[in-house]
Amino acid sequence: MKNKLENNPILLVEDNPVDVDLTIRAFKNSNLVNPIEVARDGEEALNYIKKWDDGATIPVVILLDLKLPKIDGLDVLKTMKKHPIYKTIPIVVLTSSAENSDIKAAYKLGVNSYIVKPVNFDSFLKVASQIELYWNVLNKLP
Amino acid sequence: MKKAKTSTNNLLSYFLKLFKIKDLSVYQFSLILIVSSSLLAILITTTVQVKLEINSVQKEINLLKEKALEYQKGELKEVVSHLITYLKFTQQDTIENSQEQLKDKALRYFESIRFGNDGYVFVNTYNGNALLFNGKKLEEPKRMSDINLPSGINLYETEMNLAKLPGGGSFQYKFMKIDDTKPYPKMSYIMGFDQWGWILGAGDYLDNLDNDIVIMENELKNNLSKSLLIGIGIFIPIVMLFLFLSNYAAKLIQIQFDKFVNIIKNPPFKNNKQQPFDQIYIRELKSIGMDIMQAEELVQQFGNIIDQSTNEIYIFLKNNLQFVHANTGAMQNCGYSISELQNKTFLDILPNLNDEQFLTLAAPLIDEQTKKIQFESIYHRKNNTTYPVDIQLTLSNFNENEVYVAFIYDITARKKIEESLVNNKNYVQTIFDSSTDGIFIHDTETGKILDVNEQMCTMFGYEKSEVIGKTTQHFSANTAPYTEKEAIQYLLKSKTEGKQTFEWHCKHKDGHLFWGEVSIAYIKIDDEYRFLATTRDIDDRKKADLELKNYRFHLEFLVKERTKALEDGEGALLNLVDDLNMQTTALDNANKKLASINAEMETFTYSVSHDLKAPLRGIDGYSKLLLDLYKNELNEEAQEFLKNIRTGTLQMNHLIEDLLAYSRLERQEFEIRNIALQPLINDLLVLLSGEIKEFNIQIKTSFSEDFMLLADNNGLKLVLRNLLDNAIKFSSKGENPQIEIGSSENSTHWLIFVKDNGVGFDMKYHDRIFKIFQRLHLPEEYEGTGIGLAMVEKAMHRMNGRIWAESELNKGTCFYIEFKK
């Protein structure tokens with residue numbers, strides 16, 4: 001099945017280069033064709049709003065780490081979800097933290113999904129394929 | 001006999017006729033009743049009065065009689081005394097005359113003496129000869145024994161006895177008069193004159209005295225008659241007045257009765273033209289001179305009673321049973337209009353009855369044998385519904401026709417009760433046998449047990465057959481006040497004072513005593529009076545009462561002690577308050593410090609969870625990529641190394657996860673609430689189903705489905721998860737691995753256990769296994785971080801519970817967790 005959004009990018013907000021590399025590899029492994037754009041801190045992530053305003057392609061999903069330099073991941077989430085236009089972009093928190101307080105805060109701010117990054121790379125590959133399957137194939141966006 | 005019965009019937013019918021409401025009969029009846037009862041009263045009073053009067057007269061006469069006799073006796077004594085005096089003087093005159101001459105002289109003198117009516121003197125000798133007899137001196141002495149006395153007394157003996165008495169004595173007898181041979185009542189006085197051996201007597205006849213008394217009696221009786229006549233003379237006018245008044249009263253009664261009868265006889269409509277009740281009655285009552293206001297009031301009351309009565313009243317003709325009237329209650333019930341009803345007969349509403357049957361029923365009314373008959377039947381409404389009724393029928397007059405008046409009562413409820421009474425006999429037996437109270441039925445005469453229910457047998461441990469015929473003493477403690485004697489008192493009391501309820505010390509067949517609450521009722525069962533004793537086992541309650549009493553006593557003692565201590569400690573308390581204030585300040589500071597430590601801890605945990613895990617992910621990720629992408633370039637040993645790196649990384653990850661969980665336990669809020677065990681265990685078993693299947697572990701659960709306890713949900717889940725993990729881990733390598741999860745509770749605690757048949761451990765390490773990082777096995781034997789049980793112990797501690805284990809090497813381990821209630 002040909003997805004009409006398959007050319008739209010996935011935005012990955014992640015400071016750790018190892019995680020960025022591994023995430024990209026994991027998605028490649030699950031035959032994801034969408035380009036992956038990376039923002040390395042919260043500020044960079046929020047800069048995308050201006051880029052989208054200027055005509056850049058809006059992503060199918062944003063994968064957001066919580067512990068970020070400059071602007072915290074929860075603040076990025078908050079701003080995005082308050083934006084009149086871009087609040088419809090699905091945001092998936094992808095983080096090492098399994099703290100209840102983080103999970104609750106994220107959902108309170110309107111996150112669409114919260115995934116704890118597995119240390120085991122085998123498990124991470126599964127998660128990546130599931131993200132791809134759900135957000136890029138099954139889920140219909142406006 | 002037969003005749004007597006007929007005459008009774010005649011009298012009865014006469015009285016019935018008298019009672020029958022016809023013109024003036026009430027007046028007659030009233031008059032007769034008043035007059036006859038008054039006359040009867042007068043008659044009785046007079047008779048009693050006369051009787052009393054006569055009695056007093058008789059008494060007076062008797063008294064007079066006695067007095068007269070006394071007088072006579074005195075007279076006679078005087079005469080005899082005179083004779084004695086005479087003889088005493090004469091006897092001394094022996095100079096001129098011999099004794100014989102003196103005796104002769106005296107007898108001649110005595111012969112001449114006459115006194116009273118027919119009184120004379122007689123002389124006899126001590127040796128039984130009569131010298132002066134019947135008023136004549138005998139020429140030759142005569143033997144007294146030859147004298148026949150009509151009264152049959154022995155004259156000589158009587159006279160001798162009296163003569164010997166000092167002063168003599170009198171006696172009464174019958175004797176002929178001098179000139180008459182007929183015997184008359186006579187009294188004589190006798191004295192003895194010893195010198196000559198003479199019996200001297202003076203006698204007089206009493207018939208004159210009797211005559212006097214008769215005269216006196218007559219005089220008295222005349223006086224009585226006179227006063228009676230005067231009495232009657234006064235009485236007659238009073239009676240006349242009384243009769244006049246009675247007549248007036250009877251007439252008044254008649255008038256009032258007529259009014260009532262008229263109201264009954266003249267129903268609210270005539271000639272099929274309905275007239276309002278009120279108008280008729282007001283007219284009638286006005287006609288008898290009643291105040292219009294009063295009349296209206298009376299009519300209202302009366303109309304309410306008759307017409308608005310919910311009982312149904314029907315009036316129908318005697319000859320063809322056709323209806324002429326019915327009251328509102330009847331009209332509402334039957335469903336017919338007045339005109340419809342007037343085209344029907346009484347038997348139309350009682351279809352179960354035919355003409356013949358009705359005539360048989362009404363025969364006693366028609367024959368005037370009775371005023372009212374009563375029978376039951378089925379009522380049939382216009383709408384074809386039926387119901388059972390009770391009918392009271394009387395005969396009366398209505399517009400100069402003879403009519404029946406029927407009062408009809410709905411007896412559906414009564415019938416239902418009667419029916420259910422019959423049907424419920426078995427039902428009652430079932431109740432009797434299924435009662436949770438023990439029931440005894442006693443004979444009222446002997447107090448012996450006639451029947452008991454099954455519960456009684458269970459309660460007292462007997463077979464029914466062992467109980468029948470016994471008395472209560474077999475089932476009582478038999479120490480006062482719980483002996484046969486008191487039991488009988490209660491039984492008898494229930495008869496006179498109603499139901500008796502009391503506590504009783506009962507005895508079981510095996511001899512143990514228990515407390516029961518007994519209710520005794522005196523009731524009728526199958527037409528026989530019985531005592532019904534119901535016994536409830538209140539042993540627990542009674543014991544609790546006693547316990548409570550002791551406890552209360554103890555508590556009172558404690559309160560007293562404490563009060564005293566409190567008084568003593570009041571001063572000390574003031575000091576304590578100061579100390580406490582100081583300590584509160586210290587505590588506040590400590591709390592602030594703790595809060596800052598907690599915040600620090602949180603930051604630390606956060607960093608650990610995030611930063612420490614990121615490199616691990618890199619190590620594992622690239623190892624995996626190496627193994628996948630460069631598999632061909634790597635020899636087997638290199639591949640093995642990479643695998644070991646991955647294993648170590650994952651173990652490190654485990655350790656971090658467990659450490660985080662452990663630190664979380666410290667910071668996390670615990671929320672104690674009601675938790676159902678079953679769903680929680682089910683969730684865990686689903687979660688662990690992979691391993692359970694893999695190792696072919698048999699899971700056994702032995703707790704009740706509704707087992708609930710108070711704990712923190714996440715805490716309890718963590719505890720049980722770890723215990724199950726452990727159980728799986730340590731039993732997985734054995735044969736037929738088995739895990740049992742169970743629970744129990746008592747009044748103070750809930751207990752859950754997880755038991756396996758795995759490797760177990762030496763109990764000397766018991767305390768060590770709950771300490772963090774402490775392990776009893778090599779990592780290659782059983783993997784683990786050494787944090788699991790430490791976490792469990794901490795979680796239990798946070799939930800105010802406790803954990804311990806029982807284990808035997810190579811046999812298995814059982815972990816117990818206990819929660820306070």
Side-chain angles (χ1 to χ4, degrees), chain A residues 12-31 36 38 40-42 63-70 72-77 93-106 114-129 131, chain B residues 598-599 601-630 642-643 645-671 690 712-715 717-718 783 785:
Chain A
L12 175 68
V13 189
E14 173 65 71
D15 62 331
N16 189 327
V18 173
D19 276 344
V20 172
D21 183 49
L22 287 175
T23 309
I24 292 170
R25 283 176 189 279
F27 278 124
K28 272 196 182 139
N29 189 58
S30 56
N31 305 319
I36 294 177
V38 179
R40 298 296 303 277
D41 57 46
L63 303 172
L64 180 66
D65 192 8
L66 288 184
K67 198 167 177 269
L68 293 169
K70 296 181 186 170
D72 187 50
L74 286 174
D75 288 331
V76 175
L77 176 67
V93 165
L94 194 62
T95 178
S96 310
S97 169
E99 292 295 304
N100 242 333
S101 53
D102 282 337
I103 299 169
K104 276 184 190 165
Y114 190 109
I115 295 168
V116 179
K117 255 185 259 177
V119 169
N120 188 335
F121 193 67
D122 297 318
S123 309
F124 193 74
L125 289 176
K126 278 183 201 159
V127 168
S129 75
I131 290 172
Chain B
N598 263 346
M601 186 73 187
E602 218 149 313
T603 320
F604 168 76
T605 315
Y606 196 83
S607 301
V608 168
S609 67
H610 199 273
D611 297 349
L612 220 54
K613 276 159 92 181
L616 286 182
R617 210 162 35 242
I619 296 166
D620 187 66
Y622 287 113
S623 305
K624 164 82 178 163
L625 286 171
L626 266 176
L627 278 169
D628 285 355
L629 302 175
Y630 300 96
L642 280 170
K643 278 177 190 165
I645 290 171
R646 288 198 74 197
T647 310
T649 315
L650 295 180
Q651 220 166 339
M652 177 86 176
N653 183 49
H654 249 132
L655 193 61
I656 293 168
E657 292 282 359
D658 281 357
L659 265 175
L660 281 172
Y662 186 76
S663 82
R664 220 180 276 138
L665 270 178
E666 200 64 72
R667 291 173 289 121
Q668 181 174 306
E669 290 289 327
F670 271 69
E671 192 190 338
D712 174 79
N713 193 48
N714 289 330
K717 208 169 192 170
L718 182 143
E783 57 178 21
T785 58

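Every chain is numbered from 1 and lettered A, B, ... according to where its sequence line falls, protein lines coming before strand lines. Here the structure is a predicted model, which means the values were calculated and not measured.
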Expected list for residues 122-129 of chain A: side-chain donor-acceptor pairs under 3.5 angstrom, two or more places apart:
{"unit_1": "A/D122", "atom_1": "OD1", "unit_2": "B/K624", "atom_2": "NZ", "d": "2.9"}
{"unit_1": "A/D122", "atom_1": "OD2", "unit_2": "B/R646", "atom_2": "NH1", "d": "3.3"}
{"unit_1": "A/D122", "atom_1": "OD2", "unit_2": "B/R646", "atom_2": "NH2", "d": "2.8"}
{"unit_1": "A/S129", "atom_1": "OG", "unit_2": "A/K126", "atom_2": "O", "d": "2.9"}

Worksheet item: Who among A/N16, A/N29, A/D21 has the most heavy-atom pairs with chain B under 4.5 Å?
Response: A/D21

Worksheet item: Going from CZ on A/F121 to CG on B/D628, what distance comes out if it is rounded to the nearest 0.5 angstrom?
Response: 8.0 Å

Worksheet item: Around atom OH of B/Y630, are there more than 12 heavy atoms of other residues, nucleotides or ligands at under 6.0 Å?
Response: no

Practice prompt. Considering only heavy atoms, give the residues of residues 615-622 of chain B separated from chain A by less than 4.5 Å, sorted numerically, with 'none' for an empty result.
Written response: B/L616, B/R617, B/G618, B/D620, B/G621, B/Y622

Worksheet item: Can you tell which of A/D65, A/L22, A/N100 has the highest number of heavy-atom pairs within less than 4.5 Å of chain B?
Response: A/L22

Worksheet entry | chain A-proximal positions within residues 647-658 of chain B [heavy-atom distance under 4.5 Å] | B/T649, B/L650, B/N653

Worksheet item: Is chain A contacted by the side chain of B/L627, its backbone, both, or neither, given a heavy-atom distance below 4.5 Å?
Response: neither

Worksheet item: What part of A/S101 lies closer than 4.5 angstrom to a heavy atom of chain B: side chain, backbone, both or neither?
Response: neither

Worksheet item: Where on A/D19 is there a heavy atom nearer than 4.5 Å to chain B: the side chain, the backbone, both, or neither?
Response: side chain

Worksheet entry | Non-neighbouring partners of B/L659 that pass side-chain contact (heavy atoms from CB on, under 4.5 Å), sequence neighbours left out | B/F773, B/I787

Item to complete: Answer with side chain, backbone, both or neither: which region of A/D102 has an atom nearer than 4.5 Å to a non-hydrogen atom of chain B?
Response: side chain

